[in-house]
Every structure is written in structure tokens, then in C-alpha cells.
Amino acid sequence: MIGQDNIFKSHMDSNSVFKGDRDILRPSYIPEQLPHRGDQIQDLASIMVTALRGNRPSNVLIFGKTGTGKTAVVRFLEREVNRLKRENLESAELDDEFEDYDIDKVEYVYVNCEVVDTHYGVMKNIGNKFVEEWSDQIPFTGWPMEKVYESLREKIDEESRVVVIILDELDKLVTKSGDSVLYHLSKINSELDQSKVSLIGISNNLKFTEFLDPRVKSRLGEEKMIFPPYDAEQLKDILADRAGKAFEPEILGSDVISLCAALAAQEHGDARRALDLLRVSAEIAERERDESVTTDHVYRAKNKIEQDCVREAVNTLPTHSKLVLYSILLMDDNGSDKLTTGEVYSAYNELTKRSGMDPLTQRRITDLISELDMLGLINARVKSFGRRGRTKQIQSSVPKHEIIDLIESDESIESVKSLNIGGNRVKQTKLI
DNA sequence: TGTCCACTGGAAGGGAGGGCTT
DNA sequence: AAGCCCTCCCTTCCAGTGGACA
């Protein structure tokens, strides 16, 4: 029972701008049709159909920028295979056209290498897909790699089947942990008696194969596909398709879809971005109890997404990275707009000393600075000053005061904040 | 043209922390 | 309990570097 004064009551009474399931606007949702990816679906299906005949399909490498539908196409095919399997199970007599096929014996295993980015983790995840009993699972740490691999091989080979392993964000795994997983997985077929394994690697980065052992590279890239970015018109179709399912027709203002598509097209045609913009715009409209979604909501959604991204990135930084960023922001605020690694390090050193922490070495700090640069929180360029040496030139690229406040609100570095209490924070924290 | 600065960034390895095996 | 494995975070060492300057 929900009482009259329940805090959710007033929000529950408000009308939702969404018609039904708002997950339709999430990038992870796989619709019944994938607009403008028909060719890619056909190409991949023509490779994967081999699996339905009980043979091993070629390994495939799929390249394309973020939000170009790579994962969606692969998972779309996975769903279609699973649907066929279900229908096959439900009706014992399958259509004549499938009588030569072994649909039941195809298994898909999906691993996102951004989430699971170690040799051990990837092998463990794949192996455990074939285990039902908790006690038979590969533990999350403790076993030697050879044993994990052996267990994985045995589990796959327990019965005759074709296993399609999808390694999403494969470049992340290779850059972080090298190619030993790919080495093992790409030669596993020579060690299997009953089963066959096929690999689908998905990557944002065309160049990651340069880091691969030549044998792995040739085994893995038997087939290659490149997904082009969507243009604004195609993004509009994608959005219109989803919006039709997510909203009543009169909810969306006339230019909302065009604007979301245009903004996302500016960023290399990212469908994920376009969907996020539309969903967040609608959520803002809903929260403010507006009856329709307008272009104003879209512009605000754009700002909100950008701000949330930065805040999320800062919040999840480890303590010392936060201190490095904090040093940069304070000095930047103090008027030093272009800083060097040496300056940042002495400021950081001063901060840690005052707060009673042990500072990390300068070598480690150069890595943290590079990480902050990669996250887009700062700009760091290597520049030579001739006789005055060669170093990084560092500038912050986030709203200074907002992020300083955010870092100061972190409990783990509260002692640093207390150094600045009273008076002008910037002047008090004169660092160099 | 050679020197020199202030680093950069790769390589190797230590050690803590998680857990398994014997 | 001791020995082992893997990952993560970090230190230490050091060759390499771009370009101003003598």
C-alpha cells in the first residue's frame, strides 16, 4: 500500500511521456529491424550460416566507430539463431528448408572485453557459460592459466557443437593484456575432438591488429567487416523507428528527432549518442511535467549528458589521480594556464605532504597525467622547450570550480580540503 | 653542429591481495 | 600452513628525444 504522504506519490501521479518501455531508447535494446544495417546483417549471416550446418564459420573481425551498430548486428543474429532454436524445440517437425541443419548445436558466448579485460577473466567467463553447477565453475582467481585453459577446452568439447565466441571491445583486451587469449582461442580447434569454435572480434580501433602476433592476426582475420558511420538521415530513420514505439505520436516536437540526429551526426554518426539524447530529452520533459518534448529539452539533454560524463569520470578516479587533477585545476585557477609535468608534480607533492599522504613517484604521475588526458579531463601535449627541456604541456578541459568542489566533496581527500578552509582558497593554496 | 635540459615512456620487477592446491 | 598463480599498482632504471642555444 502506498500512503498519501509517500514521497514517490506525487511523482507517480505525473503523466509519463513514454508510451511503454523506455528501454526501447537504450542502445542495448535490439529492435526487430535494424535500419540501414541490412547489408551487414546479410554479410554476417552468410558467414555464420555455416554454423547451422554443424561446421565452423570463418573467424570474423568487425571494425567501426562507436555507435555504428556493430554489437547490435552481432547480437541481432544471435537472437535470430536462438529464436530458430526455440521454434525448433517447440515444433518437433521443423520446416523442410531446415532439415539439413543442426540448429540446436550452435551456442553463442558474448564477452565484453571492456568489462572483463584480463586473460584469466575472459577464459573464465567463456568456460563458465557451459557450467550449471556452482561447484564446477572456474573460480574468479587462483588457478594457473594453463589449468583454466584446459578446463575451458574440456567444457566446450563435452558435446558436439559449434561455439561462436563474441569478443566485444577486443582492442581494450589486447592493449591491456596482450594477445595470449586470442592465441589460445584461435588455435583451440586443433585441440577439440567434438566441437568447433569460431570467433567474432568487435573493435572500435582498426589499428589494434598491429599489436597481434602474425599467426594470431591471420587466424583471427579470416573475414573482415567495416561498419561505416551513419549519416544524419540514417540516424533520423533509426530514431523515428524507436520513437514510434516509445512515444505517442503527438509527444515529440516536430524538430526533435532531426536535432538529435544532427547533433549525433556531428560526432561521427553515433547512433548510441542519438538515442541517449532522445531518451534524456524525454526524461527531462517528464520530470518537469511538460506534455511534449521540444528542441529546448534536447539542448539541455546534450549539456546534461556531457556534464554527467565528466562528473562520473572524476568520481571514479583513484585518490592520487584526483589529487593530480586537483593540483592542475588549482594552479589553472591561480592563473598558470599552461603547466609542465614538473610543476604539476611539485604541486601534487606539496598537497600530499600537507595532508600526510605518501606521494607517488614522478614516473607514476606521468602515467596518471596521461590517463587524465585520455579521459578528456585535461589536455596534455608533449612539447620541447629546447634548452629548457622537453615535457608535457598541461591544461584542464573541465569546468574548474565545479570539479574542484566535486573533488573536495570526496571523503578520502577531506584532509586536503581542510587546508583551504577560510578565505580565498586559491591564495591559501599557493602551491608553487 | 654539438650540447644540454627536463622530461618521456618502455622494461623489469617488487609486493600486496585475492584465491586455489597440496 | 606453505607454496603457488594471477592481477594490480607501483618503483627503479635508463635510453631516447625535440629543439633552443652556444
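The sequence lines fix the lettering, A, B, ..., with proteins before strands; numbering per chain opens at 1.
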Practice prompt. Indicate, with a heavy-atom threshold strictly under 4.0 Å, whether A/K124 touches base, sugar-phosphate, or nothing.
Written response: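 It contacts nothing in the nucleic acid.
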
Worksheet item: Is A/T340 touching bases, backbone alone, or none of the nucleic acid, heavy atoms closer than 4.0 Å?
Response: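 Sugar-phosphate, backbone atoms only, no base.
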
Worksheet entry | Short side-chain donor-acceptor distance under 3.5 Å, A/Y110 and A/D168 |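 Judged by distance alone, the side chains do pair up.
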
Worksheet entry | Salt-bridge contact A/R300-A/E283 (side-chain N to carboxylate O under 4.0 Å) |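 Salt bridge between A/R300 and A/E283, a charged N being under 4.0 Å from a carboxylate O: no.
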
Practice prompt. Answer yes or no: side-chain N or O of A/R363 and base N or O of B/dG9 forming a donor-acceptor pair under 3.5 Å.
Written response: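 Counting by modelled atom types and ignoring angles, a donor-acceptor contact under 3.5 Å is found here.
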
Worksheet entry | Chi angles and distances behind the side-chain hydrogen bond (donor to acceptor under 3.5 Å, both in side chains) call for A/N128, A/K155 | CA-CA 8 Å; A/N128 286 347; A/K155 288 177 189 346; 5.4 Å; no

Once you round it to whole Å, what is the distance between [atom2] of [N] and [atom1] of [X]?
X: A/R387; N: C/dC21; atom1: CZ; atom2: P; result: 9 Å
X: A/Q362; N: C/dT11; atom1: CD; atom2: P; result: 12 Å
X: A/M145; N: C/dC6; atom1: CE; atom2: P; result: 7 Å
X: A/F140; N: B/dG19; atom1: CZ; atom2: P; result: 4 Å
X: A/I138; N: C/dC6; atom1: CD1; atom2: P; result: 13 Å
X: A/L360; N: C/dC8; atom1: CG; atom2: C1'; result: 14 Å
X: A/R388; N: B/dA6; atom1: CZ; atom2: P; result: 9 Å
X: A/D367; N: C/dC10; atom1: CG; atom2: P; result: 10 Å

Among [options], the nucleotide that comes nearest once only the side chain of [X] is considered:
X: A/T361; options: C/dT12, C/dC9, C/dT17; value: C/dT12
X: A/P139; options: C/dC8, B/dG19, C/dT11; value: B/dG19
X: A/H320; options: C/dC10, B/dC7, C/dC6; value: C/dC10

Worksheet item: Does any non-hydrogen side-chain atom of A/V310 lie less than 4.5 Å from one of A/L406?
Response: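 Sidechains of A/V310 and A/L406: no contact.
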
Distance below 4.0 Å between [X] side-chain N/O and [N] OP1 or OP2:
X: A/T141; N: B/dC20; answer: no
X: A/T341; N: B/dT8; answer: yes
X: A/K147; N: B/dT21; answer: yes
X: A/W143; N: B/dG19; answer: no
X: A/T118; N: C/dC8; answer: no

Discussion item. Heavy-atom nearest nucleotide on DNA chain B for A/S384 versus A/K392: which residue maps closer to 5'?
Written reply: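 Mapping each residue to its closest nucleotide by heavy atoms, the 5'-most match is A/S384.
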
Practice prompt. Measure the spacing between CD1 of A/I188 and CD1 of A/I165 and express it to the nearest 0.5 Å.
Written response: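 Rounded to the nearest 0.5 Å, the CD1-CD1 separation comes out at 6.5 Å.
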
